[in-house]
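Some notes on the structure that comes next.
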Amino acid sequence: MYYRRLILLLLFVAIFSYGAIHYTIDVNTFHHLTSFQPWSVIAALLSVLVGLFLDGWRLVELVRLSDEKITSDEAARVVFGNYFLALLTPGFSGGAVAQVMFLRYAKVPMGKAAVIVVVRTIVSLIFLFLCMPFILLDDNGILPWVSNDLLLGISIIIVAAIAFSVVAMVKGYFDKVMMFLVKRLSYKNGKKIVRFYRDNQKAIMLLLSSPLGMLKVFVLSGLSLIALYAVAPFLLMGLGAKIDWLTAIGRMIFLNLFLYFSPTPGGSGIAEGGFVLLFKSMAPIGTVGIVAVGWRFFAEYLPFFVGFYYTVKTFGREFLGKPLLKQKNDSM
């Protein structure tokens, strides 16, 4: 039930926010807070609004490429609904379900809705992974206990694997492998794997169907993510920190890419801890925990509560009493 998930998320947020602040404050904290510049809060909020607007714009473009149409209000419901269910589930997995549900509500056929959601995720991941080699070449020692050379090698391998997977899916090289696996699984599990594979294959075909249109979507995705990641540097500047923007955005990209695979709801705990680790050298002494909580509030929790409103308004309060699997089946 989503009531339980919501309570669990709020509990996690309270615990990890308290921990991030409690274990990073010192005698210098009050001094820096009293010199805080209010303009940075406005800048952070505007940055989030720009990022969300661009996210909605790219969604409209993707839907158009699939020969369907949605209004700006429907796009907003998809974007904010994604935040709501994503933060309630490990690895943001619930966000995909939310997007499909809201796209179905907007009269987008189920098959196309699933493909659009997969494409949105793929494009974002491709952008983040393509940025990683440049980030690691510029930012020495992003993780103290892991060499940049090792991280760079892993990034290059992943980018190459993505490129190979795209070619293999287009050429159908994986078809026989999928059939081999399906024959050795139960009917139910085999059906899930085939559906997952076909959705990704269709998503790749959509990516390649309109190169110029997809390039626009890719650029909008990148700009949207950068705008959302700019929240942290703005808040740090408000405390008087001198920010290297390339390094700061690069570390936000590194952190958020890692959060895609986090086991906790919405990345709670991992996000705050990772932020403290990556930005403690940039933040004024005793403030990194406060900035970590501020970043999460502006970039994640505000859209989450808007998504909560849209979800209840669209599907009713009884929606919150249904299991995730039931809601996923209802959207199909």
Side-chain angles (χ1 to χ4, degrees), residues 9-10 12-57 76 79-84 86-87 92 220 222-256 259 266-310:
L9 174 66
L10 294 176
F12 277 178
V13 169
I15 292 173
F16 291 121
S17 295
Y18 171 80
I21 294 174
H22 177 74
Y23 292 105
T24 57
I25 61 173
D26 60 19
V27 294
N28 299 287
T29 304
F30 182 74
H31 167 71
H32 290 296
L33 289 180
T34 54
S35 61
F36 182 74
Q37 300 297 315
W39 65 262
S40 67
V41 173
I42 298 174
L45 182 58
L46 289 176
S47 184
V48 171
L49 293 176
V50 170
L52 294 173
F53 171 77
L54 292 172
D55 194 9
W57 187 1
V79 170
F80 285 110
N82 172 46
Y83 276 90
F84 175 57
L87 286 185
F92 305 96
L220 288 172
L223 293 176
S224 172
L225 292 172
I226 289 172
L228 293 171
Y229 298 162
V231 170
F234 278 130
L235 294 178
L236 288 169
M237 290 173 66
L239 290 168
K242 294 182 179 179
I243 296 298
D244 181 334
W245 274 85
L246 288 178
T247 299
I249 296 296
R251 294 194 175 191
M252 288 301 297
I253 289 174
F254 180 85
L255 175 59
N256 281 272
L259 290 179
S268 297
I270 295 175
E272 291 83 358
F275 187 94
V276 170
L277 175 66
L278 293 173
F279 285 90
K280 61 184 179 182
S281 62
M282 295 185 186
I285 297 174
T287 63
V288 65
I290 295 172
V291 177
V293 174
W295 156 60
R296 290 284 280 175
F297 175 77
F298 282 105
E300 302 285 350
Y301 303 139
L302 280 181
F304 168 84
F305 285 112
V306 176
F308 174 80
Y309 165 77
Y310 271 130

Using side-chain heavy atoms (C-beta onward) and a distance below 4.5 Å, is [X] in contact with [Y]?
| X | Y | answer |
| --- | --- | --- |
| Leu302 | Val48 | no |
| Val41 | Phe36 | yes |
| Leu52 | Phe80 | yes |

Measure across [X] and [Y] and return the closest heavy-atom pair with its distance rounded to 0.1 Å.
| X | Y | answer |
| --- | --- | --- |
| Ala248 | Ile243 | CB-CG2, 3.8 Å |
| Ala241 | Pro284 | CB-CD, 3.8 Å |
| Leu236 | Ala283 | CD2-CB, 3.5 Å |
| Ser47 | Val231 | OG-N, 4.1 Å |
| Pro233 | Ile249 | CG-CD1, 4.3 Å |
| Leu235 | Ala44 | CD2-CB, 4.0 Å |

Exercise for review: Apply ring-ring contact (aromatic ring centres under 6.0 Å, His included) to the pair Phe304 and Tyr83, showing each step before the final yes or no.
Suggested key: CA-CA 5 Å; Phe304 168 84; Tyr83 276 90; 9.3 Å; no
Exercise for review: Check the pair Leu225, Ile253 against side-chain contact (heavy atoms from CB on, under 4.5 Å), reporting the backbone distance first and the verdict last.
Suggested key: CA-CA 8 Å; Leu225 292 172; Ile253 289 174; over 6 Å; no
Practice item. Answer yes or no: does atom CD1 of Ile285 have more than 12 heavy-atom neighbours from other residues, nucleotides or ligands under 6.0 Å? Key: no
Check your understanding: Of all residues at least two apart in sequence or in a different chain, which pass the ring-ring contact (aromatic ring centres under 6.0 Å, His included) check with Tyr229?
Key ->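 Not a single residue meets the ring-ring contact (aromatic ring centres under 6.0 Å, His included) criterion with Tyr229.
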Quick check for you: to the nearest 0.5 Å, what is the distance between [X] atom [atom1] and [Y] atom [atom2]?
| X | Y | atom1 | atom2 | answer |
| --- | --- | --- | --- | --- |
| Asp55 | Leu223 | CG | CG | 12.0 Å |
| Leu228 | Trp295 | CG | CH2 | 11.0 Å |
| Leu255 | Ile270 | CG | CD1 | 9.5 Å |
| Phe305 | Tyr301 | CZ | OH | 9.0 Å |
| Thr287 | Ile25 | OG1 | CD1 | 11.5 Å |
| Phe16 | Ile21 | CZ | CD1 | 14.0 Å |

Backbone N or O of [Y] within a donor-acceptor pair of the [X] side chain at under 3.5 Å?
| X | Y | answer |
| --- | --- | --- |
| Ser224 | Gly51 | yes |
| Ser268 | Val13 | no |
| Glu272 | Gly269 | yes |

Exercise for review: Test Ser281 against Arg251 for side-chain contact (heavy atoms from CB on, under 4.5 Å), laying out the working first.
Suggested key: CA-CA 12 Å; Ser281 62; Arg251 294 194 175 191; 3.8 Å; yes
Study note, to complete from the structure: Tested for side-chain contact (heavy atoms from CB on, under 4.5 Å) against Thr24, the lone hit among Val288, Val291, Ile290 is Val288
Check your understanding: Can you check whether Phe279 and Phe275 have ring centres sitting under 6.0 Å from each other?
Key -> yes
Practice item. For the pair Phe234 and Gln37, evaluate side-chain contact (heavy atoms from CB on, under 4.5 Å) and give the outcome as yes or no after the intermediate values. Key: CA-CA 10 Å; Phe234 278 130; Gln37 300 297 315; over 6 Å; no
Practice item. Any chance you could lay out the side-chain contact (heavy atoms from CB on, under 4.5 Å) test for Thr247 and Met282, step after step, and finish with the verdict? Key: CA-CA 10 Å; Thr247 299; Met282 295 185 186; 3.1 Å; yes
